[in-house]
Amino acid sequence: DSGVTQTPKHLITATGQRVTLRCSPRSGDLSVYWYQQSLDQGLQFLIQYYNGEERAKGNILERFSAQQFPDLHSELNLSSLELGDSALYFCASSLEAANSPLHFGNGTRLTVT
Amino acid sequence: AQTVTQSQPEMSVQEAETVTLSCTYDTSESDYYLFWYKQPPSRQMILVIRQEAYKQQNATENRFSVNFQKAAKSFSLKISDSQLGDAAMYFCAYRSRETSGSRLTFGEGTQLTVNP
């Protein structure tokens, strides 16, 4: 158990809809990262938050947004969903130190029909 | 920007044998960290091993070890005495030390099959 909790585990929705994915980081971790993994692909970095502030942005679409709340949990909002958004979305958390590994949640499987 | 390349999309090994997975990376930084993660069929991401670039000694974790060649920007993973449970997708990843709290940049992965 990595200590990172993601909900829901599975999500099935229709094109054009909006969904929210939730992540609770490991106790003590201030950084939260969101990654997207499409079928049989590598992990693509979306966005990072540190202690409530956006720290870095990757290949995140304008239809996607995220935030980190004062209790350090994070939410990833996906809107105007398209078939191509179907993927496994991972949240990870880490300590500030660069030698600290990222600890991953079990992911949210999003299926857009 | 840093890039990570895993040139072997698939590898296979016989149970109890040794296999080496390749990884190369490109960076202009001198200090950084390298990681190998394992993703079994459950899709969970599991840390296998980490290496600090300023350390000459190769990291080892039980049956897993790395061959870190900084000048060649190479970071291979050796799995000894392979077990059926080692079957998974393996990802090599880079993390900058110069940027505090920076992201992990992943390679495309190597799918490892372990044959009984």
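From a predicted model like this one, the values you see are computed outputs, not experimental measurements.
Summarising the local packing, NZ of B:Lys78 is surrounded by 12 or fewer heavy atoms from other residues, nucleotides or ligands at distances under 6.0 Å.
The residue among B:Gln39, B:Met89, B:Arg43, B:Gln111 with the most heavy atom pairs within less than 4.5 Å of chain A is B:Arg43. Interface remark: of the candidates A:Ser100, A:Ser2, A:Gly105, A:Ala92, A:Ser100 forms the most heavy-atom pairs closer than 4.5 Å to chain B.
A donor and an acceptor atom, one from each side chain of B:Arg95 and A:Ser94, are located under 3.5 Å apart.
When side chains are defined from C-beta on, B:Met45 counts as touching A:Leu43, because their heavy atoms get closer than 4.5 Å.
The hydrophobic clustering, which links ILVMFWY residues whose side-chain heavy atoms are closer than 4.5 Å, places A:Leu72 and A:Tyr33 apart. Cluster annotation: A:Val19 and A:Leu61 are assigned to the same hydrophobic cluster (Ile/Leu/Val/Met/Phe/Trp/Tyr, side-chain heavy-atom contacts under 4.5 Å, transitive). Connection of A:Leu81 to A:Trp34 is established within a shared hydrophobic cluster, with ILVMFWY side chains joined at heavy-atom distances below 4.5 Å, either directly or through further cluster members. Tracing side-chain contacts under 4.5 Å through hydrophobic residues (I, L, V, M, F, W, Y), one reaches B:Val13 starting from B:Leu21; they form part of the same cluster. Criterion: ILVMFWY side-chain heavy atoms under 4.5 Å apart, direct or through other members. Under it, B:Val4 and A:Leu46 are not part of a common hydrophobic cluster.
Within the 4.5 angstrom heavy-atom criterion, only side-chain atoms of A:Leu88, from C-beta onward, approach chain B. Heavy-atom distances place the side chain of B:Arg50, and not its backbone, under 4.5 Å from chain A. Using a 4.5 Å cut-off between heavy atoms, B:Gln6 makes no contact with chain A at all. Looking at B:Leu104, both its backbone and its side chain come within 4.5 Å of chain A, counting heavy atoms on both sides. Looking at A:Phe45, the atoms closer than 4.5 Å to chain B (heavy atoms on both sides) all sit in the side chain, from C-beta outward.
By the ring pair (Phe, Tyr, Trp, His ring centres under 6.0 Å) test, B:Tyr37 pairs with A:Phe104, B:Phe106, sequence neighbours left out.
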Task: Evaluation steps, side chain to side chain contact (heavy atoms under 4.5 Å, CB included), between A:His103 and B:Leu47 - done: CA-CA 8 Å; A:His103 298 272; B:Leu47 176 67; 5.6 Å; no
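Listed in order of number, the residues of residues 51-63 of chain B that approach chain A to under 4.5 Å between heavy atoms are B:Glu52.
The two residues A:Gly58 and B:Arg103 come nearest to each other via the heavy atoms CA-NH1, 4.4 Å.
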